Undergrad: 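One structure follows; several queries about it will come next.
As the structure is a prediction and not an experimental result, all values here were calculated from the model. The first residue of the sequence shown is numbered 1, and numbering continues consecutively from there.
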Amino acid sequence: MDRWQAGVYGDSDELDVLEDGVVLPIGVPLTGITYLDEPPSGSYSLEVQATRQYGSDFFLGVTFPVRDGHLTLVLGGWGGTLCGLSCIDGEDASTNATRTYVEFPNGKRQTVLIEVEDHRVRALVNGEGIVDVDLTGKRLGVRPEVTPSLPLGIASFATCTVLHSVRLGVRSETVAE
């Protein structure tokens, strides 16, 4: 956790550490952590293992750089099942073409892989593709409430989440854990 800052949403800057991760408690309404080192650029991958403990909205909102902008992969938003990227051409995950629905049972560990290229983002949950979008000519942005996650961060909304691991990779080399 020495490369991450807690308390970016005004919540406590100390997280509960478990044997297999750290707890993002239910925020008011958000809680999260932000990466302190230089974020990746160009083509890279980001893998997050997390468990939705309980709550009523997204258990994982991963904000990450793409080209000269940023996007947020939302998992379990808008009441618990909506997934997608916010924001593409000003539209959030609930209204753009990346919108999909996935059930995230409480207590089940999820492995999320985000693959970033200059003009494409892919996201997989437990090996199943949920997002594959060509970003050529698209305007990228984030919703105002997740700006504390910039340039790279993880948040949850009205949900308690356990983060088990976060890995950044450039090509096949792991650059941070």
Undergrad: On a heavy-atom basis, which atom in Pro29 and which in Phe157 lie closest, and how many Å separate them?
TA: CB-CE1, 3.2 Å
Undergrad: In this structure, would Val102 and Leu85 fall into the same cluster of hydrophobic residues linked by side-chain contacts under 4.5 Å?
TA: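 Linked, Val102 and Leu85 end up in one cluster.
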Undergrad: Would you check if Val8 and Ile33 make a side-chain contact, meaning some heavy-atom pair closer than 4.5 Å?
TA: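 The answer is no; the side chains never approach within 4.5 Å.
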Undergrad: Start with the C-alpha gap between Tyr9 and Ser149, add the side-chain angles, then the distance that decides, and say whether side-chain hydrogen bond (donor to acceptor under 3.5 Å, both in side chains) holds.
TA: CA-CA 9 Å; Tyr9 286 94; Ser149 287; 2.6 Å; yes
Undergrad: In Å and rounded to the nearest 0.5 Å, what is the OG to CG distance from Ser156 to Leu24?
TA: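 If we round to the nearest 0.5 Å, Ser156:OG and Leu24:CG are 5.0 Å apart.
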Undergrad: With the side chain counted from C-beta on, respond yes when Gln110 and Asn126 share a heavy-atom pair under 4.5 Å apart, and no when they do not.
TA: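 In short, these two side chains touch, coming nearer than 4.5 Å.
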Undergrad: In the single-linkage hydrophobic clustering (I, L, V, M, F, W, Y; side-chain heavy atoms under 4.5 Å), do Val48 and Leu15 co-cluster?
TA: yes
Undergrad: Excluding sequence neighbours, so at least two apart, what forms salt bridge (Lys or Arg N to Asp or Glu O under 4.0 Å) with Arg109?
TA: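 Once residues adjacent in sequence are excluded, the partners of Arg109 under the salt bridge (Lys or Arg N to Asp or Glu O under 4.0 Å) criterion are Asp20.
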Undergrad: List the steps, then state whether side-chain contact (heavy atoms from CB on, under 4.5 Å) holds for Leu124 with Thr111.
TA: CA-CA 8 Å; Leu124 296 91; Thr111 299; over 6 Å; no
Undergrad: Should Ile88 and Thr98 count as side-chain neighbours, where that means a heavy-atom distance under 4.5 Å?
TA: yes
Undergrad: Would you check if Leu71 and Thr63 make a side-chain contact, meaning some heavy-atom pair closer than 4.5 Å?
TA: no
Undergrad: With clusters defined by side-chain heavy atoms of hydrophobic residues (ILVMFWY) lying less than 4.5 Å apart, directly or transitively, does Leu18 cluster with Val22?
TA: no
Undergrad: Is any side-chain heavy atom of Val66 less than 4.5 Å from a side-chain heavy atom of Val121?
TA: yes
Undergrad: Is there a path from Leu163 to Tyr35 through hydrophobic residues (I, L, V, M, F, W, Y) whose side chains come within less than 4.5 Å of each other?
TA: yes
Undergrad: In terms of hydrophobic clusters joined by side-chain contacts under 4.5 Å, are Ile154 and Val125 together?
TA: yes
Undergrad: Kindly give the heavy-atom pair with the smallest separation between Phe59 and Ala50, and that separation in Å.
TA: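 Heavy atoms only, the tightest pair is CE1-CB, 4.1 Å.
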Undergrad: Determine whether Phe64 and Ile114 satisfy the following criterion, side-chain contact (heavy atoms from CB on, under 4.5 Å), listing intermediate values before the conclusion.
TA: CA-CA 9 Å; Phe64 56 94; Ile114 302 168; 3.9 Å; yes
Undergrad: Of the non-hydrogen atoms in Trp78 and Ser86, which two are nearest, and what is the gap between them?
TA: CH2-OG, 4.3 Å
Undergrad: With heavy-atom distances below 4.5 Å as the criterion, would you say the side chains of Leu75 and Phe58 are in contact?
TA: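 Heavy-atom side-chain distance check fails, nothing below 4.5 Å.
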Undergrad: Under 4.5 Å between any side-chain heavy atoms of Leu152 and Leu46, yes or no?
TA: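 Yes, their side chains come closer than 4.5 Å.
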Undergrad: Restricting to non-hydrogen atoms, name the atom on Pro151 and the atom on Pro65 that form the minimum distance, rounded to 0.1 Å.
TA: O-CD, 3.4 Å
Undergrad: Can you tell me how far OG1 of Thr100 sits from CD of Glu128, rounded to the nearest 0.5 angstrom?
TA: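 Going from CD on Glu128 over to OG1 on Thr100, the span is 11.0 Å.
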Undergrad: Hey, what do you get for CD (Glu38) to CZ (Arg3), rounding to the nearest 0.5 Å?
TA: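 Between Glu38 CD and Arg3 CZ, I get 12.5 Å after rounding to 0.5 Å.
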Undergrad: I need the minimum non-hydrogen distance between Phe104 and Cys83, along with the two atoms involved.
TA: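 Result for this residue pair: CE1-SG, 3.5 Å.
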Undergrad: Determine which pairs satisfy salt bridge (Lys or Arg N to Asp or Glu O under 4.0 Å) with at least one residue from residues 50-77, sequence neighbours left out, and list them in order.
TA: none
Undergrad: First locate atom CD of Glu145, then atom OG1 of Thr72, and finally report the distance between them rounded to the nearest 0.5 Å.
TA: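 The CD atom of Glu145 sits 9.0 Å away from the OG1 atom of Thr72.
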Undergrad: Just by distance, do the side chain of Thr34 and the backbone of Pro148 share a donor-acceptor pair under 3.5 Å?
TA: yes
Undergrad: Could you give me the CA-CA distance, side-chain angles and deciding distance for Leu150 and His70, then say whether side-chain contact (heavy atoms from CB on, under 4.5 Å) is met?
TA: CA-CA 8 Å; Leu150 292 172; His70 295 85; 3.4 Å; yes
Undergrad: Give every donor-acceptor pair under 3.5 Å between a side-chain atom in residues 131-141 and any protein atom, sequence neighbours left out.
TA:
residue	atom	partner	partner atom	Å
Asp132	OD1	Arg120	NH1	2.6
Asp134	OD1	Thr136	N	2.9
Asp134	OD1	Thr136	OG1	2.6
Arg139	NH2	Asp89	O	3.4

Undergrad: Hey, what do you get for CG (Leu73) to CG (Leu60), rounding to the nearest 0.5 Å?
TA: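 Leu73 atom CG to Leu60 atom CG measures 7.0 Å (nearest 0.5 Å).
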Undergrad: Decide yes or no for Ser43 and Val116: does some side-chain heavy atom of the first lie under 4.5 Å from some side-chain heavy atom of the second?
TA: no
Undergrad: Carefully, step by step, assess Thr51 and Thr161 under the rule side-chain contact (heavy atoms from CB on, under 4.5 Å).
TA: CA-CA 6 Å; Thr51 299; Thr161 299; over 6 Å; no
Undergrad: What is the minimum heavy-atom distance between Ala93 and Arg99, and which atoms define it?
TA: O-CB, 3.2 Å
Undergrad: What's the spacing between Leu168 CG and Tyr44 OH if we round to 0.5 Å?
TA: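 Taking CG in Leu168 and OH in Tyr44, the distance rounds to 8.0 Å.
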